[in-house]
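Presented below is the structure to which this report refers.
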Amino acid sequence: LAVGAYHFFRKSRDGKRQAQNLLDATRGIALDMPLVVDVEDWSNDNGEDSATVRRRLAEMISTLESQGKQVMIYTNGDGHKKHYLAGGYSRLPLWLCAFKEPSEIEATPHDFQQYSHWGTVPGIKGDVDLTIFNGTREQWETWLKEHKPDK
């Protein structure tokens, strides 16, 4: 089981402070995957202009990277256009939330696809998000080696 850490990016909050919060929360924890920053509009602060959001996100990502951390972006289709592409983050791994068949999103390069909010996992009560890696088992093993959380 590969272990990672996830942070819901708040558009109205300082990017450097959010990065520090994530660094503090993961200090001393052995992770196998990059730090994940969830960038989306749903259930997020309203009223922030795109330039401010992009600046705060850039501050968060650059702060994490300055500490030697690998970063991955989690977002949906709208966030992919508004934040991932517009922010120039195509160099970062992408975890795309898209409740579609994989063939329907193959034109959008991504590393992971969340395809459901309503999965079940033995030993866990309630609904579980389901995600799949976009590749083979061998590609998964290579991906993990290439995307270690600490550079």
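Keep in mind that what you see is a predicted model, and the values were worked out from it rather than measured. Counting from 1, the numbers follow the sequence of the chain as shown.
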Minimum heavy-atom separation for [X] and [Y], please, with both atom names.
X      : Y      : value
Ala58  : Tyr89  : CA-OH, 3.1 Å
Thr26  : Ala5   : CG2-CB, 3.5 Å
Trp140 : Met33  : CH2-SD, 4.1 Å
Asp127 : Trp118 : OD2-CD1, 3.5 Å
Leu144 : Ala2   : CD2-CB, 4.2 Å

Separation of [Y] [atom2] from [X] [atom1] (nearest 0.5 Å):
X     : Y     : atom1 : atom2 : answer
Thr63 : Lys69 : OG1   : NZ    : 13.5 Å
Gln67 : Arg27 : CD    : CZ    : 8.5 Å
Leu23 : Leu35 : CG    : CG    : 7.0 Å
Leu57 : Lys82 : CG    : NZ    : 12.5 Å

Just wondering, do [Y] and [X] contact through their side chains at under 4.5 Å, heavy atoms?
X      : Y      : answer
Val37  : Leu92  : no
Leu22  : Met60  : yes
Tyr74  : Glu40  : yes
Asn134 : Asp111 : no
His147 : Met72  : no
Arg55  : Thr52  : yes
Val39  : Tyr84  : no
His7   : Asn21  : yes

Quick one: does any side-chain atom of [X] pair with a main-chain N or O of [Y] as donor and acceptor, under 3.5 Å?
X      : Y      : value
Arg56  : Lys11  : yes
Gln18  : Arg13  : yes
Thr136 : Gln139 : yes

Identify whether the distance between the nearest side-chain nitrogen and carboxylate oxygen of Glu141 and Lys145 falls below 4.0 Å. no
One pair to check against side-chain contact (heavy atoms from CB on, under 4.5 Å): Leu94 and Thr75. What are the steps and the verdict? CA-CA 8 Å; Leu94 176 63; Thr75 194; 3.9 Å; yes
Group every Ile, Leu, Val, Met, Phe, Trp and Tyr by side-chain heavy-atom contacts under 4.5 Å, then state whether [X] and [Y] land in the same group.
X      : Y      : answer
Tyr115 : Ile73  : no
Val121 : Phe112 : no
Val128 : Phe133 : no
Val3   : Ile132 : no

Who passes salt bridge (Lys or Arg N to Asp or Glu O under 4.0 Å) against Asp49, sequence neighbours left out? none
Compile the donor-acceptor pairs under 3.5 Å between side chains in residues 95-108 and protein atoms, sequence neighbours left out, one pair per line.
from	atom 1	to	atom 2	distance (Å)
Trp95	NE1	Thr131	OG1	3.3
Glu104	OE2	Glu101	N	3.2

